[in-house]
Amino acid sequence: MDNASFYEQVFQVVALIPNGRVTSYGVIAAYLGAKSSSRMVGYAMNDAVKAMPPIPAHRVVNRNGLLTGKFHFSTPTKMQELLEAEGVKVIDDKIVNFKKFFWDPSVELDLER
DNA sequence: GCGTTGACGAGGA
DNA sequence: GTCCTCGCCAACG
């Protein structure tokens with residue numbers, strides 16, 4: 001893991017997001033100890049398209065629950081469809097009950113702490 | 001090695 | 001409540 005670059009660490013956390021759950025970039029950054037580097041998380045996801053295994057980037061949105069990165073997908077609507085396919089309602093590119101589907105790694109992965 | 005980029009966040013008006 | 005500005009800091013060219 002020491003060899004893992006910052007964006008590789010982001011992939012690991014995002015890959016741990018359960019199906020039907022979503023999280024924000026800031027939370028992931030904070031979990032990595034770089035809460036101020038929230039932008040780096042989004043930037044790292046830029047490689048998620050070519051990452052192996054594929055990263056469920058559609059489960060990661062900004063702190064507003066808005067699908068800011070949908071435009072980076074194959075099609076702008078692909079991200080919304082994937083979320084709805086997992087039971088997450090998306091209206092106007094925004095996640096409904098975002099707080100309800102919110103997944104906090106610092107809490108869900110708190111088992112080992 | 002330097003400047004720009006950027007899927008964000010928080011604070012202020 | 002919305003809109004604007006600043007800051008963060010790694011990766012890319």
Side-chain angles (χ1 to χ4, degrees):
Chain A
M1 297 52 176
D2 297 330
N3 297 335
S5 301
F6 188 88
Y7 75 89
E8 289 186 37
Q9 297 179 49
V10 175
F11 294 151
Q12 293 298 320
V13 177
V14 176
L16 294 175
I17 301 176
N19 188 301
R21 291 293 191 90
V22 291
T23 189
S24 62
Y25 304 96
V27 174
I28 297 174
Y31 182 75
L32 296 176
K35 60 181 180 181
S36 303
S37 306
S38 51
R39 311 175 87 183
M40 274 41 291
V41 179
Y43 188 81
M45 299 307 294
N46 208 344
D47 280 359
V49 191
K50 63 182 183 180
M52 267 300 282
I55 307 297
H58 60 276
R59 295 177 186 161
V60 187
V61 294
N62 65 355
R63 79 121 189 132
N64 296 315
L66 193 67
L67 283 58
T68 49
K70 65 171 187 174
F71 191 75
H72 289 254
F73 282 75
S74 305
T75 60
T77 58
K78 188 64 181 300
M79 188 174 185
Q80 180 174 336
E81 292 179 9
L82 289 172
L83 288 171
E84 291 181 330
E86 295 182 357
V88 180
K89 300 293 182 60
V90 178
I91 299 177
D92 189 44
D93 300 333
K94 182 175 76 263
I95 297 178
V96 182
N97 298 329
F98 174 61
K99 187 176 182 179
K100 180 180 178 182
F101 294 104
F102 190 79
W103 179 80
D104 190 341
S106 63
V107 175
E108 301 295 330
L109 301 180
D110 183 55
L111 301 177
E112 57 185 323
R113 187 175 61 84

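Letters A, B, ... are given to chains in the order of the sequence lines, protein chains preceding strands, and every chain is numbered from 1.
For dC8(B), one of the phosphate oxygens OP1 or OP2 lies less than 4.0 angstrom from a side-chain nitrogen or oxygen of T68(A).
With the nearest nucleotide of DNA chain C identified for both D47(A) and S37(A), S37(A) has the one nearer the 5' end. Toward the 5′ end of DNA chain C lies the nearest nucleotide of R39(A), the other residue of the pair R39(A) and F6(A) mapping further downstream.
The shortest side-chain heavy-atom distance between V88(A) and R59(A) does not fall under the 4.5 Å cut-off. Using a 4.5 Å heavy-atom threshold, the side chains of P105(A) and L16(A) count as separate.
Residue A29(A) is classed as having no contact, given no heavy-atom separation below 4.0 Å to the nucleic acid. Residue N62(A) is classed as a sugar-phosphate contact, given heavy-atom separations below 4.0 Å to backbone atoms only.
Here dC3(C) presents its C1' atom at 13 Å from CG of N64(A), a figure rounded to the nearest Å. Per the geometry, CZ belonging to F11(A) stands 11 Å off P belonging to dA11(C), to the nearest Å. The OH atom of Y43(A) sits 6 Å away from the C1' atom of dT5(B) (whole-angstrom rounding). If you take CG of N46(A) and C1' of dT4(B), they are 15 Å apart, rounded to a whole angstrom. Distance CG (L66(A)) to C1' (dC3(C)): 15 Å, rounded to an integer number of Å. Rounded to whole angstrom, the span from the OH atom of Y7(A) across to the P atom of dC9(C) amounts to 20 Å.
Residue side chain R63(A) does not reach the base of dC8(B) through any donor-acceptor N/O pair under 3.5 Å, judged by distance alone. Between the side chain of S38(A) and the base of dC8(B), at least one donor-acceptor pair of N or O atoms lies under 3.5 Å.
Nearest heavy atom pair, residue G69(A) against residue Y25(A), reads N-OH, 4.4 Å.
Side chains of H58(A) and Q80(A): a donor-acceptor N/O pair is absent below 3.5 angstrom, by distance only.
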